[in-house]
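Structure first, commentary second.
Below, chain A is the first sequence line, B the second, and so on; all start at residue 1.
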There are 2 protein chains.
Amino acid sequence: MEAEGSLQQAVLPAPIGCRVREVLDRVGDKWSVYVICQLGESPRRFTQLRKEVDGISQRMLTVTLRGLERDGLIHRQVFPVVPPRVEYSLTPLGRTLLCTLAPVLDWAATLSVRMS
Amino acid sequence: MEAEGSLQQAVLPAPIGCRVREVLDRVGDKWSVYVICQLGESPRRFTQLRKEVDGISQRMLTVTLRGLERDGLIHRQVFPVVPPRVEYSLTPLGRTLLCTLAPVLDWAATLSVRMS
DNA sequence: CAGGATCCAATGCGATACTG
DNA sequence: CAGTATCGCATTGGATCCTG
């Protein structure tokens, strides 16, 4: 990689496009970012997430959580009790992603205001 | 909206998740970000983009460009000549998005290194 | 050159039913 | 409670052919 400096500029080296795609392939689906934002507040249980992430099906919550776990963005902790209790939380890596996403959130918010 | 302050924190208010989805719905498809990165370098013609954005079909390039244009992220300029000449470029809004995306690029790059 | 139109395959996702 | 398994629909995207 030849240019790692001023990423503040609007003009970026081309190969970076692929990099973005890597990220988008991870969190660019319908629910991942939504779930990450929820876990950003505090650890959550399965059913709790299902209520908070509006409209998500039980299947997709499972699929999404599995994917995020496999990518090392969230941690899954099982408590060996009955009834089962499973808590999901962001890993340090997941938190860095959430931080990284913040400017994008901000951009989206600004855009929403303009388009009202 | 109740919290518009410190977006630098890892903990973000929940409703923001929807905001991210708005953005992801716009540029979270397979090719948009890729095209935006290319146009970030300089204006491009259709065929030129098709060569640079590796693997994109002619149909998807058309669809992607139309979408970005409708969302006000890129500008389409037609030169009334034969053979036709059409140039695409980022709008100011598109450039702000590209800037916003920079940290995400950086994050992805770091991640790639770790996972090698 | 820069597309529009059409057809088809792959995937994403929701609904539903069942389980330790 | 926290899942797994199966089905079927809707969307996405690629290939191909055609045009001003």
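To the nearest 0.5 Å, atom CD1 of residue A/Ile74 and atom CG of residue A/Leu39 are 6.0 Å apart. Note that the CZ atom of B/Arg95 and the CG atom of B/Leu97 stand 12.0 Å from one another [nearest 0.5 Å]. Interatomic distance, CG of B/Leu61 versus CZ of B/Arg66, reported as 9.0 Å (0.5 Å rounding). Here the CH2-CG distance, from B/Trp107 to A/Leu98, works out to 11.0 Å after rounding to the nearest 0.5 Å. The distance from the CG atom of A/Asp29 to the CE atom of A/Met60 is 6.5 Å, given to the nearest 0.5 Å.
With C/dG3, D/dG3, C/dG14 as the candidates, the nucleotide lying closest to the side chain of B/Gln58 is C/dG3.
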Side-chain donor-acceptor pairs of residues 47-56 of chain A under 3.5 Å, sequence neighbours excluded:
from    : atom 1 : to      : atom 2 : distance (Å)
A/Gln48 : OE1    : A/Arg45 : N      : 3.3
A/Glu52 : OE1    : A/Arg44 : NH1    : 2.5
A/Glu52 : OE2    : A/Arg44 : NH1    : 2.7

N/O donor to acceptor pairs below 3.5 angstrom from side-chain atoms of residues 75-91 of chain B, sequence neighbours left out:
from    : atom 1 : to      : atom 2 : distance (Å)
B/Arg76 : NE     : B/Tyr88 : OH     : 3.2
B/Arg85 : NH2    : B/Glu87 : OE2    : 3.1
B/Thr91 : OG1    : B/Gly72 : O      : 2.7
B/Thr91 : OG1    : B/Leu73 : O      : 3.1
B/Thr91 : OG1    : B/Leu93 : N      : 3.4
B/Thr91 : OG1    : B/Gly94 : N      : 3.0

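Atom CG in B/Asp29 sits roughly 17 Å away from atom P in C/dT11 (whole-Å rounding). Between the CD atom of A/Glu69 and the C1' atom of D/dA2 there is a distance of 13 Å, rounded to whole Å. Distance, B/Phe46 CZ to D/dG20 P: 18 Å, rounded to whole Å. The CG-C1' distance, from A/Leu24 to D/dT12, rounds to 15 Å in whole Å. The CD-P distance, from B/Gln77 to C/dA2, rounds to 13 Å in whole Å.
A donor-acceptor pair is defined here as one N or O able to donate and one able to accept, closer than 3.5 Å; no such pair exists between the side chain of B/Ser32 and the backbone of B/Gly28.
Shown for residues 59-67 of chain B: residues whose heavy atoms fall under 4.0 angstrom of DNA chain C, namely B/Arg59, B/Thr62, B/Arg66. Of the residues in residues 79-89 of chain A, those lying under 4.0 Å from DNA chain D by heavy-atom distance are A/Pro83, A/Pro84, A/Arg85, A/Val86, A/Tyr88. Taken residue by residue, residues 47-56 of chain B places heavy atoms nearer than 4.0 Å to DNA chain C at B/Thr47.
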Might you work through the side chain to side chain contact (heavy atoms under 4.5 Å, CB included) test for B/Phe46 and B/Leu65, ending with a clear yes or no? CA-CA 9 Å; B/Phe46 189 88; B/Leu65 289 171; 3.9 Å; yes
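Of all heavy-atom pairs spanning B/Val33 and B/Val27, the tightest one is CG2-O, 3.3 Å.
Rounded to 10 degrees, the angle separating the terminal helix axes of the helix from C/dC1-D/dG20 to C/dG20-D/dC1, each built from five base pairs, is 50°.
A sub-4.0 Å separation between OP1 or OP2 of C/dT11 and a side-chain N or O of B/Lys30 is absent.
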